[in-house]
Amino acid sequence: MEKGREDRKKPTIIAHRGASRYAPENTLAAFDLAWQQGAEGIECDVHQTKDGSIVCIHDSDTSRVSQESLIVAESNLNDLKRIDVGSWKGENWKGKPVPTLDEVLQSVPKGKQIYIEIKTDKTILEAFYQVLDRVSSATEQISVIAFDAEVIRQLKVDRPQLKAYWLTDFKNDQTEKWQPDLNQITDTLKALKADGLGAQNHEAVDQTFVDALLRSGFDINIWTVDDLDEARRYLDLGVTSISTNDPLSLIKALGLG
Ligand code: G3P
Ligand code: CA
């Protein structure tokens with residue numbers, strides 16, 4: 001159903017990896033700070049441990065966020081829990097651990113949203129469903145996002161009631177056209193039965209692009225927007241949501257507080 005411009009809501013602000021400008025990304029501290037700053041939602045990245053737990057961390061290993069380097073898929077949860085992924089962001093955050101997805105879901109306040117980015121292939125999905133069945137979050141609070149189209153396709157087969165967004169960036173194929181183009185994106189979203197798109201913050205996302213997706217009934221989330229003029233542009237375009245490392249500044253600048 002097409003959304004007329006006058007019917008469009010203001011974008012919701014999603015804290016990318018939590019309030020990650022201020023606190024160590026993908027920790028409970030960063031997610032808690034996002035709620036304090038007034039974010040409507042949080043975004044987290046997930047991987048699976050060797051012993052089958054799902055943890056929130058962006059990379060497939062801990063080397064960027066810890067002094068100790070562990071490969072998540074080759075480590076047990078207890079080993080990951082022992083390491084400090086907070087100190088790199090400042091002494092205040094010393095000792096902050098990698099959270100499980102269970103812990104993060106349990107921390108989402110009623111009525112708020114969580115975007116869960118699956119960073120692996122679809123083999124994680126069975127364990128993912130077990131977490132969802134264990135933690136009684138409301139279905140409408142959860143959106144699943146992934147670059148891997150097969151993850152989105154499988155998720156919509158298994159759990160069609162969950163919102164799922166396919167992620168894409170844009171590349172120039174040297175013909176002065178950005179790829180994927182609007183038609184390719186729309187075809188992909190329809191084929192996957194996705195609820196919408198997670199698009200890179202990019203000049204390819206213009207009024208024609210946003211209008212066409214909304215007209216086709218898709219939501220559109222933009223990542224990652226920290227510049228306030230860029231945020232105002234997306235507000236004017238009428239996107240569904242904006243992911244930012246700095247929810248505090250965007251909420252203030254866009255008058256969403
Ligand atoms: O929301 C999508 C966005 O988070 C993808 O980029 O690298 O920050 O996970 P990345
Ligand atoms: Ca992410």
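Counting starts at 1 for both ligands and their atoms, in listed order.
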Q. Cluster question for you: counting only ILVMFWY and a side-chain heavy-atom cut-off of under 4.5 Å, with indirect links fine, are V98 and V135 together?
A.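 No, V98 and V135 fall in different hydrophobic clusters.
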Short side-chain donor-acceptor distance under 3.5 Å, [Y] and [X]:
X	Y	answer
D121	T123	yes
D102	Q106	no
D158	Y129	yes

Any protein N or O within less than 3.5 Å of an N or O in ligand 1? List each pair with its distance, or say none.
unit_1	atom_1	unit_2	atom_2	d
ligand 1	4 (O)	H16	NE2	2.8
ligand 1	4 (O)	E43	OE2	2.8
ligand 1	4 (O)	E117	OE1	3.2
ligand 1	7 (O)	H58	NE2	2.7
ligand 1	8 (O)	H16	NE2	2.8
ligand 1	8 (O)	R17	NH2	2.7
ligand 1	9 (O)	D45	OD1	3.3
ligand 1	9 (O)	H58	NE2	3.0
ligand 1	9 (O)	E117	OE1	3.0
ligand 1	9 (O)	K119	NZ	2.7

Q | Heavy-atom check, side chain of T186 versus side chain of F218, under 4.5 Å | A |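 In short, these two side chains touch, coming nearer than 4.5 Å.
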Q: Determine whether Y22 and L248 make a side-chain contact, defined as any pair of heavy atoms from C-beta on separated by less than 4.5 Å.
A: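 Of all side-chain heavy-atom pairs linking L248 with Y22, at least one is under 4.5 Å.
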Q: Taking side-chain contact (heavy atoms from CB on, under 4.5 Å) as the test, write out the residues that go with D59, two or more places apart.
A: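 D59 satisfies side-chain contact (heavy atoms from CB on, under 4.5 Å) with R64 only.
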Q.
Using the side-chain contact (heavy atoms from CB on, under 4.5 Å) criterion, which residues pair with S20? Sequence neighbours excluded.
A.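 Residues passing side-chain contact (heavy atoms from CB on, under 4.5 Å) with S20: R17, E25, N245.
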Q: Take the Ca ion (ligand 2) as the centre and count protein N, O or S atoms at distances under 3.0 Å.
A: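 For the Ca ion (ligand 2), protein nitrogen, oxygen or sulfur atoms under 3.0 Å: 3.
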Q: For the pair H202 and W178, name the ring-plane relationship: parallel under 30°, tilted 30 to 60°, perpendicular over 60°.
A: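 Perpendicular.
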